[in-house]
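Structure record follows, encoded as C-alpha cells.
Scope of the values below: all heavy atoms of this structure, side chains included, with no hydrogens, waters or symmetry mates. What you are looking at is a predicted structure, and each value in this text was computed from that prediction instead of being measured.
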Amino acid sequence: MRSLGVLPLRLLVALALLAGRSEAQVDPSGPWRTLHTPHFRIHFRPAYRDVALTEAREAERAYALLASELHPPRGTVDLTLGDDIDGSNGFTTVFPSGRITILAPAPATDPGLLQYDTWLRLVTTHELAHVFHLDRTRSFWAVAQHVLGRAPGLFPNEYQPTWLVEGLATYYESRFTNGGRVRGSFHTQLLAADRAAGASRSSWDAEPFTRWSDGFAPYAYGSRFLQYVAATVGDDGKGASELRVLDGETLRRVAAHAVNGNASYGWDGDTVVVAQLDYTGRRQLRSDLYRWVPGGVWRRETHGARLTQPAGRSVAIELRPGANRPTVPAPADPGRGEGEGEREEAETWEAVVPSPDGRWMAGTRNAAGRWALVRWPADTPVAAVVLVESRSVLADPVWTPRGELWFVADPSGFPQVYAWRDVGGGIAQALTAEPLGARSPAPLPDGTLLYSALTAGGWELRRAPALADGLPARFSEPLPFDSAPPLAVPARETGLNARPTGRFGGAVTAGTDALHRFTYAADLLLAPQPFRVTGDFILLSDVLGNPTLDFSASSAWLDVAAPPGVTLSELSQAAAVGAAFVRRRWRSLASVRVAAEVQRFRYAAAPDSALAAACPACLARDLIGGSATLALSRVVAGALSVSPEDGFSWSLTYRRRESAGPAAGRTSCARSSRCTRTYPEEGSAGSRTPCSPCGSPPAASTGRSAHCIGWAGCPRGASRSPSASRSGSGACSRSAAIATVSWPARARRRARSSTGFLWRWWAARSVTCPWAPTGCGSTPSQTRVTRGIPARRRSSRGCAPRASSWPAPSP
C-alpha cells in the first residue's frame, strides 16, 4: 500500500532534475515585474526597476557581441535579478529553457572579481556566454531533443570539462568588457604560485575539488588557455572559517572565533567589528555586523543591514543591487559615464577607511571601469581629491598610526602594497616587492608591515620592513567607457504571470517557472489488457515565500493474490495538501510540515463477476486524516565531502487517519476482528474450520481461501472507535508515529567522504492476530503489541498459537 507523503521513485527523479540550484538564490514571493526585450525576459522586483532597465541594455549589448562570434541560443532567455543574498555571483541553466539568475550586489571582498567596468556588465556577459555555449545541439542530440524535449543530459556541451565551460565564459567576460579575470592579477597569482611550486595543473586536474585553489582553478587555467589559443591566431586576449587575533610582536595567536562566509573586519578601539553572511529568512542571505572583544562576548549588531568591509565606528560599505555605497558621506564621481545621469549606481566602492584621528577619509572607488584612490576631509566630501586613477584594481586602503595612506595596486601585473606621498605633486611608492604579489597590508607601530602572500598551498601571512627606496608606480590610463546603446525596440513591461515551462514528452513531465514560484512533476502510465491508468502528480508553490505549499495526488493499481483465472487488482488513490515552514541559518535548519491527507481503496476483478467470490473481504474504504513532521539539523558539510558530517539530522512524523464506510454486513460483534481459514479440498484430511462471523454456522467447503472482516473492513492493526454502533457501520481509526534520527559519522582529517549511521524507530502499535476471535466471545488476550516492526512488514509474531473452535465441515 502506497503511503501518503512518499513520492514514487519516478517522481523523485523528475523533481531532482528541477533542483539544479540553491533554494536561497531568489525569493519568488511578493510582487515581480518583467521587462520584455527582443532576446530576454528580465524579471525584477518593482523597487529595482532602474537597475532592471540598465540590465536590459547590458543584456542586449552582451547578446549582440557574443552573437558576433558564437551561434545564438534558441528562444528567449529568462534573466532574473536577485537581491536576497549579499554575494556577487550568477547562475545559468539551459533546461527547461535558457535561464540566468544574477545576484545584483557588486563584489567587495573577492579579489578575483574586482576587475570590472560595471558589475552587471561583467556578470551578464559571463553568464550569457554559458547560454550560448551550452545551448548547442546537432545531429543525434537535436533529434533526441525534438522527441524528448529539452531534458537534462541531452546537451552535449555539458559533458565538457569544467575548465573549458568556465574558462570560455571567463575569456568572453574579459574580451567584451574592460574588466574580467583574464585582465585581473588574482588569476595571475594563482598560476604563478603553482608554477613556482612545480605544481602546475594539467587538463585532468584543472577541476574543482582536486586541491587548493580548487574552485578557482577551472576559471584561471581555462580562460588563460583560451586566451593563449586566441593569441596564436592574432587575438588578444570561499572564505576563511576562523577569525584570529595575533600579537603584533610575536604573531602568537591571542584569540579566535568561527566566522561564516565573506567575512571582513575592522577595529573600533579594542573591539573587532566583523561583517559576515547569515540567513535572515528562508531565502535571504545577508551580510551583517558583529562586535567582538577578543576573549569576550560575540554580539550581533545589525540584522539584514547588508553591510560589509567595516572600518571603525559606523563606517562600512552598504551593498545594493548592481552597486554599493559607503555608510558615511562620500564624494560623487565627477566623470560618470555618459547616459548614467546622477544615479548613485554609476559608482561602487571597494572600501572606505577613516584616519586614526578621524579627520580624514579615504577609499577606493570604481566608476565605469576607472579605479580611483580618493581622499577627503571627513566633514567635507565635496573637497575630495583623487590621488590615483587607473584601469587596474585599487584596493585595501589603510591608514598607518603616523597618518600615511597605504593601498594595494597591480600596475605591474602582480599586486603590491604602495604608500601615497604628498611630495612633488604626489607620488605612489612601492612598499613590497613580493615575486607573486602582496595583499591586505596591516601597518605595525614599529614601521614594519604585515601582508598576505599567495603560494601553491594557499595564503601566507608575512612580516617585512617597508622598502625604503621603492620605485614610483606608473598606473595605466583608464579605458574609455561607452554606455550600453539604447534598445532597438522599447522594452515592454508586464506583470508576473508565472506559468510552468519546459514540459518533457513521454511518461514523465516536469517544469518550473523562471522564478521557481511553481514547480511540478507528473507521470502517466497506461495498461491495455486489462485497461488500467496510473499516474502521479506533485505541485510545489513558493508563492507565499514561507511556507512552501505542496499538493500531491497518485493513483496506482496493485496486484492482489487471486485464484487461477481471475485477475484481482486494488486501486489505491491518494492525495495530500501540505505546508512547510522552514527557518535556516548558516549551519542549521528547522522545518515543520503539516498536511491533510486522504486515501481511498477500490477493487476490481477480471471477469467482473468474480470479485465477490474471489475476495469477499475486498471492501471499498476511505482514509481521511493528516500528518505533522518536525525536522531539525545542524551539520557541517566539508568541501570535499559527499555527505554532511560533524552534526545531526533529526525528524519526527506523526500521522493519524480515520476510516468510515459501509458495513461489510450486519454483525453484533463488540470489537474488530479479522480471520483467515483455508478451505480444504473435499475429502482431504486435516481439515480446518471456515471463518464465520459472530457464531454463525460454518460455510460449505469450496476448496479456496476466504477472508472475513467484522467491522466495516477495518484493516489489521486498526481498532474500532468507541462511537461505532453495534449494527456494523462504524468508523475505524489508525494512528502511528515514525521517528528518524541520522547521526553522521565524524569526518577524519583530510577525508574526502563521510559515512553515516541511520537509526529508525516505529512507535508501538496494536496488532490483532489474523486468527483472533472467531465469534462474539473473543478475548482481548489475542491482541499483542509489537515494537520496531514497520506496518507493511508486520506479521503475526507475538500471537498465541492458532486454535480452531469450529468442527470440521461436513462432507
So, [X] and [Y], do they make that salt bridge, N to O below 4.0 Å?
| X | Y | result |
| --- | --- | --- |
| Arg375 | Asp422 | yes |
| Glu55 | Arg49 | no |
| Arg291 | Asp268 | yes |
| Glu318 | Arg306 | no |
| Arg201 | Glu207 | no |
| Glu389 | Arg370 | yes |

CA sep, side-chain torsions, deciding dist, call: Tyr451, Glu434, side chain to side chain donor-acceptor pair (under 3.5 Å): CA-CA 10 Å; Tyr451 57 89; Glu434 279 289 336; 2.6 Å; yes
Exceeds 12 heavy-atom contacts within 6.0 angstrom, atom [atom1] of [X]:
| X | atom1 | answer |
| --- | --- | --- |
| Arg463 | CZ | yes |
| Glu460 | CD | yes |
| Arg195 | CZ | no |

Look up atom [atom1] in [X] and atom [atom2] in [Y], then write down how far apart they are to the nearest 0.5 Å.
| X | Y | atom1 | atom2 | result |
| --- | --- | --- | --- | --- |
| Leu79 | Phe40 | CG | CZ | 6.5 Å |
| Phe132 | Tyr63 | CZ | OH | 4.5 Å |
| Thr364 | Leu394 | OG1 | CG | 7.0 Å |
| Ile317 | Ser264 | CD1 | OG | 9.5 Å |
| Arg391 | Trp371 | CZ | CH2 | 15.5 Å |
| Thr177 | Arg121 | OG1 | CZ | 8.0 Å |

Does [X] reach the main-chain N or O of [Y] with its side chain, forming a donor-acceptor pair under 3.5 Å?
| X | Y | value |
| --- | --- | --- |
| Thr448 | Pro465 | no |
| Glu58 | Thr124 | no |
| Thr380 | Ala383 | no |
| Ser355 | Trp360 | yes |
| Asp396 | Ser440 | yes |
| Arg57 | Pro486 | no |
| Thr302 | Leu289 | yes |
| Thr327 | Ser314 | yes |
| Asp86 | Ser287 | yes |
| Thr54 | Asp50 | yes |

Thr250 and Asp247: CA distance, side-chain angles, deciding distance, side chain to side chain donor-acceptor pair (under 3.5 Å) verdict: CA-CA 6 Å; Thr250 63; Asp247 182 275; 3.3 Å; yes
Close side-chain approach of [X] to [Y], heavy-atom, < 4.5 Å:
| X | Y | answer |
| --- | --- | --- |
| Leu454 | Trp459 | yes |
| Leu449 | Leu444 | no |
| Asn260 | Arg587 | yes |
| Arg224 | Val182 | yes |
| Pro443 | Val398 | yes |
| Thr162 | Pro208 | yes |
| Asp83 | Arg45 | no |
| Arg253 | Val245 | no |

Trace of the side-chain contact (heavy atoms from CB on, under 4.5 Å) decision for Leu387 with Leu405: CA-CA 10 Å; Leu387 304 180; Leu405 182 59; 3.8 Å; yes
Pair Leu81-Val51, side-chain contact (heavy atoms from CB on, under 4.5 Å): steps then yes or no: CA-CA 9 Å; Leu81 285 174; Val51 180; 4.3 Å; yes
Ring centers of Tyr290, Trp298 separated by less than 6.0 Å: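 Between Tyr290 and Trp298, the centre distance is under 6.0 Å.
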Validation row, ring centre Tyr172 to ring centre Phe176 under 6.0 Å: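 Yes, the ring of Tyr172 comes within the 6.0 Å limit of the ring of Phe176, centre to centre.
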[X] vs [Y] aromatic rings, parallel, tilted or perpendicular, using cut-offs 30° and 60°?
| X | Y | answer |
| --- | --- | --- |
| Tyr219 | His126 | parallel |
| Tyr279 | Trp586 | tilted |
| Tyr116 | Trp119 | perpendicular |

Those residues that, when tested against Trp163, pass ring pair (Phe, Tyr, Trp, His ring centres under 6.0 Å) (two or more places apart):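 Partners of Trp163 under the ring pair (Phe, Tyr, Trp, His ring centres under 6.0 Å) test: Phe225.
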Salt bridge (Lys or Arg N to Asp or Glu O under 4.0 Å) assessment of Arg421 paired with Glu404: CA-CA 8 Å; Arg421 315 285 189 191; Glu404 290 184 344; 2.8 Å; yes
Arg365/Glu350 under salt bridge (Lys or Arg N to Asp or Glu O under 4.0 Å): CA gap, chis, key distance, verdict: CA-CA 6 Å; Arg365 179 186 65 199; Glu350 186 269 339; over 6 Å; no
Verdict with supporting geometry, Asn366 and Glu347, side chain to side chain donor-acceptor pair (under 3.5 Å): CA-CA 6 Å; Asn366 178 288; Glu347 58 192 38; over 6 Å; no
The single option from Leu307, Asp278, Thr308, Thr280 passing side-chain contact (heavy atoms from CB on, under 4.5 Å) against Asp288: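 Passing option: Thr280.
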Arg439/Gln189 under side chain to side chain donor-acceptor pair (under 3.5 Å): CA gap, chis, key distance, verdict: CA-CA 11 Å; Arg439 296 183 184 271; Gln189 282 186 277; 2.8 Å; yes
Pairing residues for Glu173 by the salt bridge (charged side-chain N to carboxylate O under 4.0 Å, His left out) criterion, not counting sequence neighbours: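 Partners of Glu173 under the salt bridge (charged side-chain N to carboxylate O under 4.0 Å, His left out) test: Arg181.
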